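Lettering of chains follows the sequences in order, A, B, ..., and the numbering in each one begins at 1. Since the model is a prediction, treat every value here as computed from it, not as a measurement.
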Amino acid sequence: MSKGIPHALNKVVEPFLIIVGSLSISMMLFGAFVAAAGANPFEVYQTMYRAAFGTSFSWQNTLIRAAPLMLTALCTALPGYLGLIIIGGEGAVVMGGLFAAIVALTMPNAPPMVVLTTMALAGMAAGAIWLAIGGALRHYRAVNETISSLLLNYIAIALLNHLVTSTFRDSESLNHPSTHHIGEANMIGLIPGTDLHWGLVFGIVACVLSWFLMHHTVFGFASQIAGGNVRAAQIAGLPVGRLILIVCCVAGAAGGLAGMVEVAAIHGRANDTLNANYGYAGILVAFVARNNPLAIIPVAVLLGGIRASSGLLQRAHELPDATVLVMQGIIFLVILFSETLYGRFSRMPKQGAV
Amino acid sequence: MSTSNKLTRRQLLTGTAAAGALGLWGGLPWPDRAWGADKVKMGFIFVGPRDDYGYNQAHFEGKSAVAKLDWVKAFDEEKVPETIEVQKTMESMVKLDGAQVLFPTSFGYFDPHILKVAPQFPNIQFLHCGGLYQEGKHPQNVGSYFGYIDESQYVAGIVAGGMSKSGKLGFVAAKPIPQVLRNINNYTLGARSIKPNTTVNVIFTGDWSLPVREAEATNSLVDQGIDVITCHVDSPKVVITTAEKRGIYCTGYHCNQSKLAPKGYLTGAEWNWAKVYMDYAELIRNRQPIPHLVRGGLKQGLVKVSEYHQIVPGAVRNQAEAAKAKFMSGSMVVYKGPIKDNTGRVVIAAGKEHVQTDIWLESMDWLVEGVVGSTKS
Amino acid sequence: MDVGWWGVLIAVLGGAIRIGTPFLFVSLGECLTEKSGRINLGLEGTLVMGAMTGYAVSLHSGSPWLGVLCAGLAGMTLGALHSWLCSFKRVNDIAVGIAMMLFGTGLAFFLGKPYIQPSAPRLPSIDLGAWSDIPQLQAALQINALFLIGIVVAVVLAWMLKHTAWGLKVRVVGESADAARALGLPVHRIRILSTAQGGFLAGIGGSYLSLYYPFNWSEGLSSGQGLMAVALVIFARWHPIGCLWVSLLWGGAAALGPSLQSVGITGGYYIFNAIPYIMTLAVMIITCSPKRTLVGVPHDLTVSR
């Protein structure tokens, strides 16, 4: 053992090496791709860095795009502990935003803090219920949760569109059918000293709390057991059904909160812009973060940065908008592939020590 | 919505429209950098792909026209959603590229996004496509422009009505919002001005770009016996090619699509954004005041009518040209009472008229008599 | 001829074939892939890539059928990439699928820019409705050879899976990779081949969209047909003939919304247009049960655990 790297250090060094290695490889692949398309890869990277992290504006641009992804990533990551693959974040965002706006409109005279708190609770409840449908169907009817959550996304979007163009439509929202405005006084402000709204704080806090819940509580431990082996969990007397429902509710609440933030911090109304694909982007963030809520934060920032750089890339290099899609595809393929490398580095020194 | 409410709003809007047309920039906030040495930097923002054979392409063609001027540096960004992303794009164009004029071209960019970003940059001009600017209510460095493309739709409606044998026309539309309803109504009124029994069947697809559903809507309409079709979706390509395949006539929208349907493309309603952007560029170069509201139709050259297909007979052409001439001279009033909606309610009483610039028309939520369809979703 | 309410029936019949054909190809592709024990959620990217490739090749070569072939080959490449990546330890096929979806659509949009404007030659259609003198029915029965090919593929695939050695191998690998290894079967190679063939079919499904119906290459062309393949396969109980019926059902359901509007049922079109999704969910809820396993399910599949 003396020649090997100490195990604890290895646990840190190995992921670090693997992630740095996969990022470098994907940057080489993407560099080759843009070079083939006729752009200078070094200039492209310089532009991307400038647009995503180069100035304080760029940082804020990146963080503001990362904020909803942290919340929607939890929609996939938390059920992942139970072995469920849920891709229904989009539906949770849409339902959360819709119901947050609706409850705000029922309380025109309440003080802003009350309105915002109620909105947050309503949005979280709506998202929780929507995502839990998938979990419940899985547990009680053995309906595949991946597919049901995907279908529920489409149904949620149809419901949103139907309701904001009929029952809840503000007749003054002429060319963009929306609900009534929740009122300027009820909008969430900015984090002092920045151009960032509070959604970022919600995202980080939600990720940290989720990590604590899943890794440092009995509930989280039970969920991990149930996720590892349902039969063992049942023999141990764990209430698997209840675990599934609670975890899905917590996950959906995060998505619903993202929808509420969209309404309360940006649009002031619920309309079709709630369907902005944050839910789908969150799936990828969760997978790349290997469902670890703490890892979600940096991965979301990375994705936010890539997305923030799209604009300048188009303007400075006349590359099409799809360039960053290709880049996301390459980076995530390489990172997902790198999963296979875990354990190889730690095994080598051990073998050497034998 | 109560009637009194509507009246107040109408009065308010008409008042501000008049003020807006006259309202010019006060002290011009142009940056005092050495003029001529530096190019004027213009940023264009599109909600969809630049080359969609439709809405965004029409704007991109306008942008390409100004970009050719040697004293302009124009850049653009495509597929920017109407979320916080467009706010960041605007800020980024100003902060990282030094844009002095921004043209966010999608309707949904205005409220809340432009309204939130513009006050932070009082020296930058935000010129929005949609005609939503209201004097006193919106920031001073915001302006808006829009074309009365419904005038072209009226002319296209005459051609469609004149060429239809069944007296049934079709309209594939995205959403029942005022801009779209106005096009449908003008198309119908145009057709009925020469053949009063013409009907127009409308199908709302629910969103701006849904190729399969647009094709399906076209097929359903053809099955119901319509023989001329048009549309108001982001990209008319699918509707036009499907109509050609089914062997019926069509009229285009946004751009000229005659290449897509050499047999059946009768005419079409087209934007001419190059004219708007060139005019703005000229004002900026001469450091002249920029009006808050720029609006216009055929007369001002903001919209066009595609060249008629050779199969359109002289008689129909003459009727279309006569209407066009009235638009060009400014004497045409499309919304002249009595006009009933398709539920039989009188919307515009006899003797009353709403001229093209009347803001009341921009809150249209009804379909004119002769349209088969409903604004309810 | 005035068909009135019959128009809805005609539209649903025609729509079943017109809209259903791409669903048929992607679901057959996904069915084969899943039979081998893999799930490919990236078929959306494959479909879009196929649509772009088909359109581009048809434009350059003047032959739409060559376009279809190349679309299939492009899809095959993406499918092979997916399954090659997944053949490494601990690489999750669903996650890779979602990344492939981004990669495929991104690549197609990136490379497809020059092809949005030009008009490529269209695939020809076959008149199966010539016997009828109702023009609407004639139009509804004007179909593309790809639909017939799709039926043949479904039948052949069903037969091969059941009656050939190759089919047996695929099914064994899908049932249990360990058992297959014990029998000495090359698990990875079989899965890579099945996923690549699945990608081939999905690519063809894409070329149907761009070269026949709605006949257009644009970035908004697909509205999730590839993503839905996964749902259709479960709906079809992993049976190729089932895929045929389910695709037709989906096509018909998707045609219902617009055709109802054309006869004057104007309200609630957002809900009508969501019918296919609601219907699929309802069927899954009714037919699934925790007390028994689904018939036909490959047990080594991530989604069937």
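Residue with the most contacts toward chain B among C/Ala11, C/Ser259, C/Ser125, C/Pro214: C/Pro214 (heavy-atom pairs, distance under 4.5 Å). Considering only heavy-atom pairs separated by less than 4.5 Å from chain B, the leading option among C/Gln142, C/Gln225, C/Glu219 is C/Glu219. Chosen from B/Ser209, B/Pro49, B/Gly373, B/Gly247, the residue pairing most often with chain C at heavy-atom distances under 4.5 Å is B/Pro49.
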With side-chain contact (heavy atoms from CB on, under 4.5 Å) as the criterion, how do C/Tyr269 and B/Arg213 come out once you've worked through the C-alpha distance, each side chain's angles and the decisive distance to 0.1 Å? CA-CA 12 Å; C/Tyr269 47 85; B/Arg213 203 173 297 156; over 6 Å; no

As a quick check of understanding, evaluate side-chain contact (heavy atoms from CB on, under 4.5 Å) for B/Lys79 and C/Phe109, giving each step before the final call. CA-CA 12 Å; B/Lys79 292 177 89 172; C/Phe109 290 176; 3.5 Å; yes

Show the numbers, then the answer: is there a salt bridge (charged side-chain N to carboxylate O under 4.0 Å, His left out) between B/Glu78 and C/Lys113? CA-CA 12 Å; B/Glu78 63 174 347; C/Lys113 284 283 171 196; 3.0 Å; yes

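The shortest non-hydrogen separation linking B/Glu216 to C/Gly15 is OE2-CA, 3.9 Å. In this structure, B/Lys237 and C/Tyr55 approach most closely via the heavy-atom pair NZ-OH, 3.3 Å.
Considering CD1 of C/Ile19 and CG of B/Asn219, their distance stands at 9.0 Å, rounded to 0.5 Å. The distance from atom CZ of C/Phe215 to atom CG of B/Leu260, rounded to the nearest 0.5 Å, is 8.5 Å. For the atom pair B/Leu221 CG and C/Ser262 OG, the distance stands at 6.0 Å (nearest 0.5 Å). If you take CG on C/Asn216 and OG on B/Ser235, they are separated by 6.0 Å, rounding to the nearest 0.5 Å.
For chain B, no part of C/Pro114 is nearby; none of its heavy atoms comes within less than 4.5 Å. Contact of C/Leu260 with chain B is not made at all, since no heavy-atom distance falls under 4.5 Å. At a 4.5 Å heavy-atom cutoff, B/Val172 makes no contact with chain C through either its backbone or its side chain.
Other residues, nucleotides and ligands place more than 12 heavy atoms under 6.0 Å from the NZ atom of B/Lys195. No more than 12 heavy-atom neighbours from other residues, nucleotides or ligands sit within 6.0 angstrom of CH2 on C/Trp6.
Between B/Lys245 and C/Tyr212 the shortest side-chain heavy-atom distance falls below 4.5 Å. Contact annotation: the side chain of C/Gln136 never approaches that of B/Gln224 to less than 4.5 Å [non-hydrogen atoms, C-beta and beyond]. For the pair B/Val212/C/Leu221, no side-chain contact is recorded, criterion being any heavy-atom separation below 4.5 Å from C-beta on.
Judged by distance alone, with hydrogens and angles left aside, the side-chain atoms of B/Tyr53 form no donor-acceptor pair with the main-chain N or O of C/Ile116 at under 3.5 Å.
With hydrogens and angles left out, the side-chain atoms of C/Gln117 and B/Gln57 include a donor and acceptor closer than 3.5 Å. Residues C/Tyr115 and B/Asp51 bring no donor and acceptor atom of their side chains to less than 3.5 Å of each other.
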